[in-house]
Amino acid sequence: DIEIAIKVVIVGNGGVGKSSMIQRYCKGIFTKDYKKTIGVDFLERQIEIDGEDVRIMLWDTAGQEEFDAITKAYYRGAQACVLTFSTTDRASFDAIKDWKRKVENECNEIPTVIVQNKIDLIEQSVVTADEVETLARNLNCRLIRTSVKEDVNVASVFRYLATKCHQL
Ligand code: GDP
Ligand code: MG
């Protein structure tokens, strides 16, 4: 049995919900505790794609993103990427293009998804549906809207990426 493992990097400005997404997906929990890091380099979860076991390793940035100090080691060997912004944080949306460029500089072209998180706060949205869809189209990425808090669409993000990687 060949084991398939996929390293997924999750980038985006601080506060958009990256660590929460990893905890939600790998541990099934959600906490409001903002500065808490998961204290390890990555968490993993095993799923089945086309009848095969795939180990998905999710790498967290542990806060370095705020200082623009993510090292090359973080990106090394990444096979898929999640570009994350928050529904209630305009700067995080505007930064998506830059995050994509950074990942591309280190990893070339890998399957990538844009995640609009905190969709439970849609009433407080600072982005329009239109501009989000336009950005996704321009960057040629699948867009998935999630609420890590309410566990909406989180699993679809990683299932989509794992399927893409598996097809390569
Ligand atoms: P990171 O800096 O990108 O790792 O973001 P965190 O995972 O630390 O999350 C930042 C804050 O947003 C925390 O208070 C989380 O509880 C909160 N948060 C994360 N996801 C959601 C969500 O889907 N909805 C809401 N309302 N809050 C969220
Ligand atoms: Mg974090």
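Excluded from the calculations below are hydrogen atoms, water molecules and symmetry mates; all remaining heavy atoms, backbone and side chain alike, are included. We count ligands from 1, going down the list as the structure has it; atoms in each ligand are counted the same way.
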| field | Listed partners of Glu131 passing side-chain contact (heavy atoms from CB on, under 4.5 Å), at least two apart | value | Arg90, Phe93, Val127, Thr128
Polar atom proximity, [X] to ligand 1 (N or O, under 3.5 Å):
| X | value |
| --- | --- |
| Asp120 | yes |
| Met21 | no |
| Ser19 | yes |
| Gly14 | no |
| Ile119 | no |

| request: Indicate, as side chain, backbone, both or neither, the part of Asn117 found under 4.0 angstrom from ligand 1 when only non-hydrogen atoms are considered. | output: side chain
| query | Under a 4.0 Å heavy-atom limit, does Thr146 contact ligand 1 with its side chain, its backbone, both, or neither? | reply | neither
| Should Lys118 and Lys149 count as side-chain neighbours, where that means a heavy-atom distance under 4.5 Å? | no
| message | Counting C-beta onward and ignoring hydrogens, is there a side-chain heavy-atom pair between Arg145 and Val132 closer than 4.5 Å? | response | yes
For [X], counting its heavy atoms only, list the atoms of ligand 1 lying under 4.0 Å from any of them.
| X | result |
| --- | --- |
| Lys149 | 22 (C), 23 (O), 24 (N), 25 (C), 26 (N) |
| Phe30 | 16 (O), 18 (N), 19 (C), 20 (N), 21 (C), 28 (C) |
| Ser147 | 23 (O) |
| Ser20 | 6 (P), 7 (O), 9 (O), 15 (C), 19 (C) |

| remark: Across all chains, not counting sequence neighbours, the ring pair (Phe, Tyr, Trp, His ring centres under 6.0 Å) partners of Tyr74 are none
| field | Under 3.5 Å: donor-acceptor pair, side chain of Asn117, backbone of Thr84 | value | no
| Is the backbone of Gly12 close enough, under 3.5 Å, to the side chain of Lys18 for a donor and an acceptor to pair up by distance? | yes
| message | Taking backbone and side chain together, does Ser20 place any N/O/S atom at a distance below 2.8 Å from the Mg ion (ligand 2)? | response | no
| remark: For Ile110 and Ala78 the tightest heavy-atom approach is CG2-O, 3.7 Å
| said: Is it the case that over 12 heavy atoms from other parts of the model lie below 6.0 angstrom from the NZ atom of Lys164? | reply: no
